[in-house]
There are 2 protein chains.
Amino acid sequence: MKPPRKGGFFVLVIPELRAVERSLLIVPKAIVIFFYYNSAVKPIKAVATEITTQSMQSNKLPTIKEIAKKLNVSVSTVSRALHDHPSIGLVTTMRVHKVAKELGYEVNKSAIYFKERKTYTIGVIIPSLAEPFFSSALCGVEDFAGQFNYNVIIGQSLDSFEREKRIVDNMKDHRVDGILVSLTKETSTYEHFDNLKKYNIPIVFFDRVPQKKDIHFVSCNLHSGMLQAISRFVDAGHKKIGLINGPAKMAATLQRLEIYFKCLKENNLPINYDIIASTTLSKEDNVKAIRKLIDQDKMPTAVMVFNDYVLLDCIATVKAAGLEVNKDISFISFANLPIWEYMDTRPLASIEQFSYKQASIATDFLFKLIEANNKGENTETNYMQQIIDSEMVNYPLK
Amino acid sequence: MKPPRKGGFFVLVIPELRAVERSLLIVPKAIVIFFYYNSAVKPIKAVATEITTQSMQSNKLPTIKEIAKKLNVSVSTVSRALHDHPSIGLVTTMRVHKVAKELGYEVNKSAIYFKERKTYTIGVIIPSLAEPFFSSALCGVEDFAGQFNYNVIIGQSLDSFEREKRIVDNMKDHRVDGILVSLTKETSTYEHFDNLKKYNIPIVFFDRVPQKKDIHFVSCNLHSGMLQAISRFVDAGHKKIGLINGPAKMAATLQRLEIYFKCLKENNLPINYDIIASTTLSKEDNVKAIRKLIDQDKMPTAVMVFNDYVLLDCIATVKAAGLEVNKDISFISFANLPIWEYMDTRPLASIEQFSYKQASIATDFLFKLIEANNKGENTETNYMQQIIDSEMVNYPLK
DNA sequence: TTTAACTACGCAAACGTTTGTGTAATTTTT
DNA sequence: AAAAATTACACAAACGTTTGCGTAGTTAAA
């Protein structure tokens with residue numbers, strides 16, 4: 001920062017000049033005449049009038065153009081002045097700032113989004129907002145994105161493949177900078193995401209992720225949690241450990257089954273298909289599933305359940321059947337719902353899958369990809385992938 | 001639709017021509033020569049080549065300009081053709097459509113948003129996604145907005161006034177077409193919404209609404225539900241009906257208190273401040289509040305509780321104190337959480353406030369306001385306001 | 001045959017902003 | 001005193017699309 005060249009007093013030529021000047025501009029005019037050093041600058045009185053003349057305007061929003069017109073400078077000068085670009089003189093910069101303030105000017109981001117081909121918005125596609133698991137995930141996204149001043153737009157697939165497709169398309173139309181997805185139960189093909197590549201929209205999957213290698217994703221490793229659970233059962237003396245699994249279409253279902261087998265093996269327990277059931281997650285089906293397990297001689301004494309919601313129905317059913325939970329039959333499931341704290345009858349434990357954490361990490365990944373995109377780097381060469389460990393949370397007996 | 005003027009065969013000049021033609025375009029060339037009727041049109045072979053030449057392009061997205069260049073027509077023609085504008089000839093329209101498809105052209109909404117000064121996006125500001133009440137509300141918004149192909153961006157105020165302010169500002173920057181708000185607990189001034197008027201961004205409040213007349217809002221009338229509740233208590237013979245209220249700052253708190261008084265009066269019951277407590281909604285405070293009521297000789301036999309979450313703590317506390325719920329003391333609260341279905345110990349009833357419905361109606365209002373805005377109508381003259389009745393939902397004794 | 005109407009397009013402006021380049025006016029260097 | 005450098009700005013293009021207006025060429029009406 002150098003002193004002005006000509007005329008006047010330039011008393012105030014110090015490093016903090018701009019800040020000082022700006023504060024001066026709103027104090028008595030007597031002080032502002034310090035700036036009469038440049039012949040190109042109109043007397044301050046003229047500035048004052050030009051400001052007040054049109055201050056109260058139509059309902060049109062003030063633009064950079066109007067500021068330019070008012071001050072008889074070009075729009076480029078105004079734009080630069082507003083960004084405190086060094087090539088614009090101090091006085092001009094100040095006058096621009098002042099008029100901008102007077103007019104209540106605020107930059108039109110829409111114009112910039114368009115020009116920059118960016119929207120500072122990311123999309124989140126989740127099956128359902130009603131499920132705490134996903135609303136908590138959304139929360140993780142929002143918290144993270146908010147720090148970067150990014151907006152979050154949401155789409156509920158409601159576990160419908162068609163809706164998922166439409167939402168993806170819609171978000172592409174909206175030119176979001178990136179997308180986070182947790183797949184529907186129905187999704188087993190992934191072509192509807194391919195189009196995003198053309199638009200350079202990065203995509204990160206979380207929790208319910210595609211069975212593919214060439215993707216960015218964050219998911220939760222069920223093995224750690226389920227191993228803890230089975231061990232817990234085994235340590236308590238259980239030999240017949242059943243499983244109530246989810247819908248066959250869901251990747252999580254197959255995964256749970258595989259890990260269940262693996263964990264049984266690790267504990268030297270035999271596989272018995274009589275104590276394995278599955279449910280579509282509807283209430284009726286949940287009841288059916290647990291009934292299949294308990295309505296037999298070789299009833300399991302412990303059951304791994306697909307999730308806490310299914311378990312709620314299981315508990316109600318076994319109670320109705322006259323069995324006592326945690327005595328005749330013990331449960332461990334997935335989700336770690338906060339509500340258990342208030343329940344009299346609850347499982348031994350539930351396995352936490354950290355939806356908030358998964359979503360946060362996925363969002364972090366997404367921002368890294370967006371950043372790479374901005375730099376023109378190729379993001380399709382090394383994939384960002386993370387699998388976090390699930391964790392069993394014990395519930396003390398009441 | 002009239003027949004083409006000159007030359008050729010024009011066998012296909014029928015009302016459904018366009019649809020027919022379009023399907024023809026993807027069938028053998030032999031048929032397409034039907035369109036050699038206009039001298040201005042290049043032979044179909046030329047069309048075919050010009051399409052394939054640059055089909056595989058750079059990573060730049062195809063624009064209307066490129067289509068225009070390829071076909072040697074103006075961008076305005078292409079734009080109109082893509083919209084099937086009648087002033088563009090059939091052949092040209094078809095050629096444009098074909099090239100657009102070949103190129104994988106998709107309109108850049110960002111450009112249109114900017115030009116139209118619309119974003120087809122609405123913002124939703126809620127205290128917390130973690131609360132089912134609000135995530136269900138968000139669900140209502142999303143479902144409704146989705147039908148209109150509107151996007152929804154979210155902001156969590158986390159019950160912080162400062163955050164609410166920032167989010168409003170951010171959404172304004174983003175030029176959303178409208179905003180839905182459920183206020184924070186702290187919000188008691190509303191200047192931060194004033195700026196939105198300048199930008200012609202309509203705002204509809206729901207559930208937690210400002211104490212003002214000149215606003216659009218949807219809220220829930222607690223009187224109906226609470227009257228049902230008190231009557232239920234009275235019918236069961238209760239004389240001492242206590243109240244556990246929320247934080248003093250919240251509008252809902254004052255409202256509950258007033259209605260509580262009113263309902264007592266309507267049932268000819270006296271007001272007794274000894275059986276009224278309040279909580280900041282923290283667990284410790286919830287426990288304190290219920291203890292205040294039960295640790296006295298004139299303990300109430302029935303209590304209206306601020307909401308189901310507070311009630312959960314109340315139930316745990318009275319049980320720990322050796323009291324039996326629904327015998328020594330009965331409860332009715334607000335929220336109607338689905339989880340009660342699975343609880344052994346639950347209140348007599350809970351009052352449903354229809355968050356989904358409130359949000360849906362609010363969204364409907366918002367769209368009406370946006371529509372009015374589009375027509376240039378003034379929306380600040382008659383305010384859209386609706387108060388829906390709360391409703392008590394009974395829980396049968398288990 | 002002249003005139004009016006219509007068809008099928010092109011031209012250019014507009015939306016609000018950023019940014020590369022050009023250039024007088026002034027100042028510094030030689 | 002001439003040349004070089006710097007300052008402080010203006011000009012114009014670009015982003016992709018829509019749309020009012022103009023017009024050559026053709027057809028229909030008078």
Side-chain angles (χ1 to χ4, degrees), chain A residues 1-7 37-41 60-69 71-96 100 103 105-120 173-175 199, chain B residues 1-7 37-41 60-69 71-96 100 103 105-120 173-175 199:
Chain A
M1 182 139 313
K2 296 179 185 176
R5 292 198 214 89
K6 176 189 175 183
Y37 62 83
N38 185 333
S39 57
V41 179
K60 274 276 201 173
L61 295 177
T63 70
I64 228 173
K65 280 186 190 171
E66 290 166 38
I67 300 177
K69 193 180 286 177
L71 290 173
N72 264 320
V73 296
S74 72
V75 288
S76 52
T77 299
V78 175
S79 173
R80 287 185 170 90
L82 288 172
H83 290 83
D84 287 324
H85 193 281
S87 88
I88 304 301
L90 295 183
V91 178
T92 306
T93 300
M94 289 157 43
R95 292 170 73 217
V96 168
L103 253 51
Y105 169 80
E106 294 180 72
V107 66
N108 182 338
K109 291 253 174 88
S110 235
I112 297 179
Y113 292 166
F114 160 56
K115 196 176 183 352
E116 289 190 357
R117 293 190 197 76
K118 290 202 57 179
T119 54
Y120 297 95
D173 276 352
H174 203 273
R175 298 288 199 273
Y199 290 86
Chain B
M1 182 140 312
K2 296 180 188 175
R5 291 196 218 92
K6 176 188 173 182
Y37 63 83
N38 184 331
S39 58
V41 179
K60 272 277 200 175
L61 295 176
T63 69
I64 229 173
K65 280 185 190 171
E66 289 166 39
I67 300 178
K69 192 180 284 176
L71 290 173
N72 263 321
V73 296
S74 72
V75 287
S76 51
T77 300
V78 175
S79 173
R80 287 187 172 94
L82 288 172
H83 291 82
D84 286 324
H85 192 282
S87 86
I88 304 300
L90 296 182
V91 178
T92 306
T93 299
M94 290 157 41
R95 293 171 71 217
V96 167
L103 252 49
Y105 169 80
E106 294 180 72
V107 64
N108 181 340
K109 290 254 174 87
S110 232
I112 298 180
Y113 292 166
F114 159 56
K115 196 175 186 344
E116 289 190 357
R117 292 189 196 77
K118 290 202 58 181
T119 53
Y120 297 95
D173 275 353
H174 204 272
R175 296 290 198 271
Y199 290 85

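When reading the values below, keep in mind they use all heavy atoms of this one structure, side chains included, and skip hydrogens, waters and symmetry mates. So you know, we letter chains A, B, ... as the sequences are listed, proteins then strands, and number each from 1.
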- request: Would you indicate which nucleotide in D:dA10, C:dT17, C:dC9 comes nearest to any side-chain atom of A:Asn108?
  value: C:dT17

statement: Whole-Å distance, B:Ile67 CD1 to D:dT18 C1', equals 15 Å

- request: For A:Asp173, check side chain to side chain donor-acceptor pair (under 3.5 Å) against everything at least two apart and list the hits.
  value: B:Lys109

statement: Separation of C:dC9 atom P from B:Met94 atom CE, nearest Å, is 12 Å

d(NE2, B:His85; P, C:dC9) in whole Å: 12 Å

Axial bend angle, the helix from C:dT1-D:dA30 to C:dT30-D:dA1: five-pair end segments, nearest 10°: 50°

- prompt: Is the closest side-chain heavy-atom distance between B:Tyr113 and A:His174 below 4.5 Å?
  reply: yes

- prompt: Just how far, in rounded Å, is P of D:dA8 from CZ of A:Arg95?
  reply: 14 Å

message: Between A:Leu82 and B:Glu116, which residue's closest nucleotide on DNA chain C lies nearer the 5′ terminus?
response: B:Glu116

- request: Could you tell me whether the side chain of B:Leu82 reaches within less than 4.5 Å of the side chain of B:Ile64, counting heavy atoms only?
  value: yes

- request: For A:Ile112, check side-chain contact (heavy atoms from CB on, under 4.5 Å) against everything at least two apart and list the hits.
  value: A:Val107, A:Glu116

task: Check the distance between D:dA8's P and A:Leu90's CG and give it to me in whole angstrom.
output: 7 Å

query: Over how many whole Å does the gap from B:His83 atom NE2 to D:dT19 atom C1' extend?
result: 11 Å

- line: Closest of D:dA10, C:dC9, C:dT17 to the B:Ile88 side chain is C:dC9

- prompt: Who pairs with A:Ser76 by side chain to side chain donor-acceptor pair (under 3.5 Å), at least two apart in sequence or on another chain?
  reply: A:Ser74

- prompt: Under the side chain to side chain donor-acceptor pair (under 3.5 Å) test, which residues partner B:Lys118, sequence neighbours left out?
  reply: B:Tyr150

- request: Could you tell me the separation between the CD1 atom of A:Ile64 and the C1' atom of D:dC9, rounded to a whole number of Å?
  value: 15 Å

query: When the distance from NZ of B:Lys69 to C1' of D:dG16 is rounded to whole Å, what number comes out?
result: 14 Å

message: If the cut-off is 4.0 Å, is A:Lys109 near the phosphate of C:dT17, judged by side-chain N/O to OP1 or OP2?
response: no

field: Sequence-distant partners of B:Ser110, side chain to side chain donor-acceptor pair (under 3.5 Å), two or more places apart
entry: none

- prompt: Does A:Ser79 place a side-chain N or O at less than 4.0 Å from the phosphate oxygens OP1/OP2 of C:dT19?
  reply: no

message: Would you say B:Tyr113 places a side-chain N or O within less than 4.0 Å of OP1 or OP2 belonging to D:dC15?
response: no

- prompt: Checking side chain to side chain contact (heavy atoms under 4.5 Å, CB included) for the pair B:Val78/B:Leu71: CA distance, chi angles, key distance, verdict?
  reply: CA-CA 9 Å; B:Val78 175; B:Leu71 290 173; 5.6 Å; no

Expected rows: protein N/O vs nucleotides 11-13 of chain C N/O, under 3.5 Å:
from   : atom 1 : to      : atom 2 : distance (Å)
C:dC11 : N4     : B:Ser76 : OG     : 2.8

task: May I ask you to test the A:Thr63-A:Asn108 pair for a side-chain heavy-atom distance under 4.5 Å?
output: no

message: Nearest 0.5 Å, please: how far is CE in A:Met94 from CD1 in A:Ile88?
response: 14.0 Å

- request: Give a yes/no verdict on base stacking between D:dC15 and A:Phe114: centres under 5.5 Å, planes within less than 30° of parallel.
  value: yes

